[in-house]
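One structure is given below, encoded as structure tokens.
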Amino acid sequence: MSIPIQWTPTHGEPYRPVPYRPERMPAAESLARAAELRERMGRRRTVRQFSADPVPEQVVRDAIACAATAPSGAHQQPWTFVLVKDAEVRRSIRRAAEEEERISYDGRLGEEWLAALRPLGTDEVKPHLTDAPALIVVFQQRYWLGEDGGRRKHYYVDESVGIAVGMLLSALHLSGLAALVHTPSPMRFLSEVLGRPANEKAFAVIPVGYPARDCRVPDLVRKTLEQVLVEV
Ligand SMILES: Cc1cc2nc3c(=O)[nH]c(=O)nc-3n(C[C@H](O)[C@H](O)[C@H](O)COP(=O)(O)O)c2cc1C
């Protein structure tokens, strides 16, 4: 397992502005790009049945690099992405996840939650955790932890990591890969299996790969623009 290079955040330094002058895109090009993006993003689906075919690893790394450009509260970048390729580690994650999911589906979730999940066809069996060739386990850094044990508070961690994961999913999809946001609850086992430090809390496991040949997805209806947009 590689060890990330220690990051020392800026803290208390003076404001140091630099010029930012991106070239303005002509409106016609903006319109064309936005329409194309809307159409391509509209074709993204959560995949739960994966082919075991390997994916180009650099595509996944590039998608993670895109996610890491996300805005974050006070620019604290409170995220770690653990890319799990090792089959034995994926098996350990699946074993532990299915143990938790069994308890959840046996009643911990409650009737209302189970009813919300029914149209998705999910249950406690999670083959995607071992079928997909890679898992990205996303951790939130609840606080910054220095090498000397010093800590500093992080702000808007949930929001920042949620935005980064949205960018990750977009990058993966637009690069031709399928993904699933899997949130087995509770997720403490992920810190144990992956040996993560005390300041990190698992946010989601994201299997990444190609859909299985016989992949099926629930027939879901998305809200229309008119249903989600309020213009004032
Ligand atoms: C925060 C979050 C948690 C999710 N957790 C799970 C999960 O644990 N298991 C699962 O099968 N799908 C999970 N999903 C996927 C959703 O069920 C899926 O996005 C939704 O049904 C819409 O389908 P679509 O992504 O194909 O549009 C999760 C999605 C989000 C955003």
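Because the structure is predicted, anything quoted here is derived from the model rather than measured. Remember, it's 1-based here, ligands and their atoms both numbered in the order they're listed.
- For atom 30 (C) of ligand 1, the nearest non-hydrogen atom from the set Val181, Leu117, Val217, Leu169 belongs to Val181.
- Those atoms of ligand 1 that come under 4.0 Å of a heavy atom in His182, given as number and element, are 7 (C), 8 (O), 9 (N).
- Numbered from 1 in the order shown, with element, the atoms of ligand 1 that lie under 4.0 Å from a heavy atom of Arg44 read 24 (P), 25 (O), 27 (O).
- In terms of protein heavy-atom proximity, atom 16 (C) of ligand 1 is nearest to Arg48 NH2, 3.8 Å.
- Side-chain contact annotation: Thr80 with Gln141, donor-acceptor N/O pair under 3.5 Å present.
- Under 4.0 Å from ligand 1, the heavy atoms of Thr122 that appear belong solely to its side chain.
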Begin with the C-alpha distance, continue with both residues' side-chain angles, and end with the deciding distance and a verdict on salt bridge (Lys or Arg N to Asp or Glu O under 4.0 Å) for Arg142 and Asp158. CA-CA 9 Å; Arg142 303 301 306 174; Asp158 291 332; 3.2 Å; yes
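- Of all atoms in ligand 1, numbered sequentially from 1 with element shown, those under 4.0 Å from a heavy atom of Leu120 are 17 (O), 21 (O).
- Annotation: Tyr156, atom OH; neighbour count of heavy atoms from other residues, nucleotides and ligands within 6.0 Å does not exceed 12.
- Annotation for ligand 1: atoms under 4.0 Å from non-hydrogen atoms of Leu180 are 10 (C), 11 (O), 12 (N).
- Among all protein heavy atoms, the one lying closest to atom 27 (O) of ligand 1 is Arg222 NH2, 2.7 Å.
- Environment of CG in Asp219: sparse, with no more than 12 heavy atoms of neighbouring residues, nucleotides or ligands closer than 6.0 Å.
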Residues Tyr155, Gln76; criterion side-chain contact (heavy atoms from CB on, under 4.5 Å); working and verdict: CA-CA 8 Å; Tyr155 301 94; Gln76 289 173 316; 3.4 Å; yes
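- Counting only non-hydrogen atoms, the option in Thr46, Val165, Asp123, Thr183 that gets closest to atom 8 (O) of ligand 1 is Thr183.
- For Arg33, the CZ atom counts as loosely surrounded, since its 6.0 Å shell holds 12 or fewer non-hydrogen atoms of other residues, nucleotides or ligands.
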Apply salt bridge (Lys or Arg N to Asp or Glu O under 4.0 Å) to residues Glu88 and Arg91 and explain how you reach the verdict. CA-CA 5 Å; Glu88 188 47 46; Arg91 275 195 289 276; 2.9 Å; yes
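- Residue Arg45 places at least one N or O, backbone or side chain, under 3.5 Å from an N or O of ligand 1.
- When atom types are taken as modelled, the side chain of Arg108 and the backbone of Ser185 share a donor-acceptor pair closer than 3.5 angstrom.
- Ranking the protein heavy atoms by distance from atom 22 (C) of ligand 1 puts Leu220 CD1, 3.6 Å first.
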